[in-house]
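Order of the sequence lines sets the chain letters (A, B, ...), proteins ahead of strands, with each chain counted from 1. Values below: every heavy atom of this structure, side chains too, minus hydrogens, waters and symmetry copies.
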Number of protein chains: 2
Amino acid sequence: MSETKDRPYHHGDLRRALIDTALDMLATDQNWAFTLREVARRTGVSHAAPYKHFRDREMLLRELARIGFNRLGEAMTEAMSPDLPSTRAQFMAAAQACIGFACQNPGLYRLMFSSDADKTIDPSLHDAAMNTFGILLGLLEKGQRDGSFRPVAISAQAAAGWAQVHGLAMLAISHQLLEEKVGPAPIPAALDVLLDGMCRSN
Amino acid sequence: MSETKDRPYHHGDLRRALIDTALDMLATDQNWAFTLREVARRTGVSHAAPYKHFRDREMLLRELARIGFNRLGEAMTEAMSPDLPSTRAQFMAAAQACIGFACQNPGLYRLMFSSDADKTIDPSLHDAAMNTFGILLGLLEKGQRDGSFRPVAISAQAAAGWAQVHGLAMLAISHQLLEEKVGPAPIPAALDVLLDGMCRSN
DNA sequence: TGTATAAGTTTCTCCTGTAAACATGGAGGG
DNA sequence: CCCTCCATGTTTACAGGAGAAACTTATACA
């Protein structure tokens, strides 16, 4: 109505628009059961248009997951401010940022780790996931260097740390960490249990 | 051919047969993308027959997940033999049994924790999941009673333990714990990192 | 013996994913 | 300045799938 061009002939940036719509639907429904046709519909284009930008539905899902990993990485990086007093505190902050991200974007987080976002198919998705993992790994290396973390095989700590964070995130968004079941503030408490096993002295 | 009754008029136990077929397909494909019609076809009945036993596709999936939790619980219970020298060893055994189950049934395990097996809808599925969680919880309580585990809030240990086991299982079946990335035998090593944080003295 | 019912089957409608053929408008060459 | 090409859209078409509804059949029970 108030637009000078009522309908742009060629839309401009449909790829981005489709992604945004899909992210919206993911956030609204907290699942990715949405249909590609519905995404097209809501974006205001014909139901076949998306195929000019995504080979198939799964390719769109993988792109959403990739974006999710990037955003997660940003959130974690931002959280582990170098002002924090210790590497342990940084780890705690990054972990809580990850879990917070999951709780705020449960659908997206689930998608990122689901088999519908197959990392063996899309190298850029695989890389995005690895980069996020790398954030924690970097922290552990730093912790071992500065002596605050025990000099255990870094791989063991990395596996434990990543598993812990991801596991807590999944449990949190599945509402399996409700207070009445598992006490208040279970997440930092659980992370402390792990960190007690990772760090040298308290 | 060799059957006395060529085709049983009313099949006998279609519900069970459908479940078995679906479990087979899940194990074969390692995903639950199969169609309900395909399950019916392979079971040798009309495509509408399953609806006499499952309201919809998701109800069948939830039933598969429920069976999965029961089997997982059995595997864990069996693994944590009371002959083991310590509660810590029992925990380790149960955890490895869980992860082993996941690696042997990746599709089923993923389904069990996916949003397609919505535990808020089906109380019996929810209970099955909680029972499995209860196995670990029981071990932690025992460990605290016998003094081998630190007297931290049980909820924190429970969350940490469950998250760790589940997280490792997910990483393992996503092939994110490959030796070249994370060293040999990363699973017991990672579990030890956690257990060091849970247990009193080594 | 007769009949209500659970368990199967057929048929139908609406929807999806995806392919193929067609349309269009903006960018670059003459 | 016009004309043609190509990326980006649209239309049309088709093979399934989910699930509802109506129909069929054997079996259990009165």
Undergrad: Only counting residues at least two apart or in another chain, list the ones meeting side chain to side chain donor-acceptor pair (under 3.5 Å) with B:N105.
TA: none
Undergrad: Are A:K119 and B:Q176 close enough that a side-chain donor and a side-chain acceptor fall under 3.5 Å?
TA: no
Undergrad: Rounded to whole Å, how long is the line connecting atom OH of A:Y51 with atom P of C:dA21?
TA: 17 Å
Undergrad: So which nucleotide from C:dG17, C:dT10, D:dT11 ends up closest to the side chain of A:S46?
TA: D:dT11
Undergrad: By nearest nucleotide on DNA chain D, pick out whichever of A:R15 and B:K52 is the more 5' one.
TA: A:R15
Undergrad: So what does A:H53 hit on the nucleic acid, given a heavy-atom distance under 4.0 Å: a base, only sugar-phosphate, or nothing?
TA: sugar-phosphate
Undergrad: Tell me the interatomic distance from A:L60, atom CG, to C:dT18, atom C1', rounded to whole angstroms.
TA: 15 Å
Undergrad: Could you tell me how far apart B:H47 (NE2) and D:dG19 (P) are, to the nearest whole angstrom?
TA: 13 Å
Undergrad: So, for B:C98 and B:Y109, which heavy atoms are closest and what is the spacing to 0.1 Å?
TA: SG-OH, 4.1 Å
Undergrad: So, do A:F69 and A:F133 have ring centers that fall under 6.0 Å from each other?
TA: no
Undergrad: So which of residues 30-44 of chain B are in contact with DNA chain D, with a heavy-atom cut-off of under 4.0 Å?
TA: B:T35, B:L36, B:R37, B:R41
Undergrad: Can you measure B:D56 atom CG to D:dG19 atom P for me and round it to whole angstrom units?
TA: 5 Å
Undergrad: Write down the distance between CG (B:L18) and P (C:dA7), rounded to a whole number of angstrom.
TA: 12 Å
Undergrad: Over how many whole Å does the gap from A:D13 atom CG to D:dA7 atom C1' extend?
TA: 14 Å
Undergrad: If only side-chain N and O atoms count, and only distance matters, is there a donor-acceptor pair under 3.5 Å linking B:S115 with A:N31?
TA: no
Undergrad: Taking everything shown except B:R41 itself, do over 12 heavy atoms lie less than 6.0 Å from its CZ?
TA: yes
Undergrad: Which pair of heavy atoms, one from B:L177 and one from B:L168, lies closest together, and at what distance?
TA: CD1-O, 3.9 Å
Undergrad: Rounding to an integer number of Å, can you tell me how far B:R55 CZ sits from C:dA7 C1'?
TA: 17 Å
Undergrad: Judged by each residue's nearest nucleotide on DNA chain C, which is more toward the 5′ side, B:P50 or A:A48?
TA: B:P50
